[in-house]
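Right, one structure below, let's go through it.
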2 protein chains.
Amino acid sequence: MTKRTERRADALSKEKIVAAAILLLDAEGEGGLTFRALASRLATGSGAIYWHVADKGELLAAATDHVVTRAMSAIEAGGADPRDAIRTIALGMFDTIDAHPWVGAQFSRAPWQPAMLRVFEAIGARLWQLGVPEGARFNAWSTLVTYIFGAAGQNAANARLQAPGTDRSAALADIAGGWSRLDAAEYPFLRQVAPQLAAHDDRDQFLAGVDLILAGIGTVL
Amino acid sequence: MTKRTERRADALSKEKIVAAAILLLDAEGEGGLTFRALASRLATGSGAIYWHVADKGELLAAATDHVVTRAMSAIEAGGADPRDAIRTIALGMFDTIDAHPWVGAQFSRAPWQPAMLRVFEAIGARLWQLGVPEGARFNAWSTLVTYIFGAAGQNAANARLQAPGTDRSAALADIAGGWSRLDAAEYPFLRQVAPQLAAHDDRDQFLAGVDLILAGIGTVL
DNA sequence: ATATTTATGGAACGTCGTTCCATTCAAGTG
DNA sequence: CACTTGAATGGAACGACGTTCCATAAATAT
């Protein structure tokens, strides 16, 4: 008599589950993704989800893969200048992780995700095109991708621990204020750059780093 | 009659708790630090720990702070060449996070820890000493510290998800093998650098990145 | 027609961070 | 000195989580 386990009209699938997980992650942050919340959104039980997905790690990996793949498809980096192409790709990753901070956390939990391969290749291909000689190519590539994902990951951490409602510049002003009040003998440098810390824009700063690395690469061309 | 809550001979303290937490983290990894395991090691209950420590976040922050502070004290970077000093500091952080991977995870969970200030200042002071002009100083500093902590954090992630017992070169060979089998039209670059990926040493590669950024900084001197 | 696999969803298990609370001891107060 | 107050302790209990188990039903194979 119990109609407990009938077949659903809209069958579950890994794709549907991942899509719902992304909605949850974007709406409520990393902590918002629980199997109970997910089951509730999908009007099912946790057991049914586990039939399609091995565990939470696989779910997070699939969600990350989906978002990164979508972002890479949207990036148009076909211009003639390889340096501009690298800047475009780097900013694309930065903006993606900024919009989905949980992606950054996932990178620091499980690097080497399949979707990263497209990013890796895109960066490497432009370096090749730029004429970086064989001996310096791997170093140049490794430095760039490490910087890009490292910086984007740190930015995501900042975004995550930012109290909702407050804005970034207020938080930066707080930190810079602390720096300017440090001991003058022990922290002369931090005191001096405190105003720049308060005024800087994370995205511009990220790009300045990419440019500095490109300048370093320029010395071996 | 119940002797349940007598005073301890060796009174608890935040210092003792943090020390025990570090031992646990080093021995069992991030997952090994639970209030129950900690209470058992200290022969107490979780309630007593909470009297000295606000929550797990504060405990992790204190443990990280302790380890980083100790590492910075051990670093001797007094040499004449500011570039060498920067390399020494960078490698010191790399080695510290390599030895305590949970520190890397903590950085991506809560950056701006107080202990980082000493590292920040040390890097900045050497850039100043190097003669980086005012306009480029903040960019140079920001790029370096972002790279150092980003790279060390990614390295920690690799260390954490490495199956205990297996070695890094085997894991790298696996990944490189995958790269060399990628589609030749879509991934020419990754196929080409696969042998270098398999052969590289993480620490050397990290240092090569620092050198490349230093070369970039050299272009604005 | 029957057996087997695919799929479902709720209940139950074990662990975690955290809170609560009864209790004890040390330090102040008259 | 008695007595009150608050620091400190440690175990029990709470609620939420990831995960596993299981009874069931529909789809598919035999």
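Every heavy atom of this structure was used, including side-chain atoms; hydrogens, water molecules and symmetry mates were not. Below, chains carry the letters A, B, ... as their sequence lines are ordered, and counting in each starts from 1.
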Could you tell me whether Glu58(A) and Lys14(A) make a salt bridge, using a distance below 4.0 angstrom between a side-chain N and a carboxylate O? yes

What do you reckon, is NE2 of His200(A) surrounded by more than 12 foreign heavy atoms closer than 6.0 Å? yes

Please work out which residues in residues 16-28 of chain B have a non-hydrogen atom less than 4.0 Å from an atom of DNA chain C and list them by number. none

Let me know the distance between CD1 of Ile49(B) and P of dC20(C), rounded to the nearest Å. 18 Å

Pairs meeting criterion salt bridge (charged side-chain N to carboxylate O under 4.0 Å, His left out) with involvement of residues 170-197 of chain B, two or more places apart: Arg118(A)-Glu186(B)

By nearest-nucleotide position on DNA chain D, the 5'-leaning member of Ser46(B) and Ser13(B) is Ser13(B)

Rounded distance [0.5 Å steps], CG in Leu190(B) versus CD in Glu121(A): 4.5 Å

NA contact type, Leu12(B), heavy-atom cut-off 4.0 Å: base, sugar-phosphate, or nothing? sugar-phosphate

Quick check: Tyr147(A) with Tyr147(B) (ring centres under 6.0 Å apart)? no

Looking just at side-chain N and O atoms, do Glu30(B) and Gln106(B) make a donor-acceptor pair shorter than 3.5 Å? no

Can a donor-acceptor pair be found, under 3.5 Å and without considering hydrogens, that links the side chain of Ser40(A) to the backbone of Arg36(A)? no

How long is the span from the CG atom in Leu33(B) to the CG atom in Leu23(B), to the nearest 0.5 Å? 11.0 Å

Using OP1 and OP2 only, check whether a side-chain N or O of Arg8(A) sits under 4.0 Å from dA25(D). no

Main-chain N/O of Ala61(A) paired to Gln113(A) side chain as donor or acceptor, under 3.5 Å: yes

Tell me whether the side-chain N/O atoms of His52(B) come closer than 4.0 Å to OP1 or OP2 in dT9(D). yes

So CG of Asn158(B) and CD1 of Ile175(B): to nearest 0.5 Å the spacing works out to 7.0 Å

Taking only N/O atoms, report every protein-nucleotides 5-7 of chain D pair under 3.5 Å with atom names and distance.
| unit_1 | atom_1 | unit_2 | atom_2 | d |
| --- | --- | --- | --- | --- |
| dA7(D) | N3 | Arg7(B) | NH2 | 3.2 |

Looking at residues 107-114 of chain A, who's got a heavy atom less than 4.0 Å off DNA chain C? none

Once side-chain hydrogen bond (donor to acceptor under 3.5 Å, both in side chains) is applied, what residue pairs with a partner in residues 45-57 of chain B remain, sequence neighbours excluded? none

Looking only at dT19(D), dT18(C), dT9(D), the nucleotide nearest the Tyr50(A) side chain is dT19(D)

Nearest listed nucleotide, side chain of Lys56(B), among dC16(C), dG9(C), dG10(D): dC16(C)

Return the residues of residues 29-44 of chain A meeting this criterion: a heavy atom under 4.0 Å from some atom of DNA chain C. Order them by number, or give none. Arg36(A), Ala43(A), Thr44(A)

Please check if the distance between the ring centroids of Phe120(B) and Tyr187(A) is under 6.0 Å. no

Donor-acceptor side-chain pairing of Gln196(A) and Arg137(B) below 3.5 angstrom: no

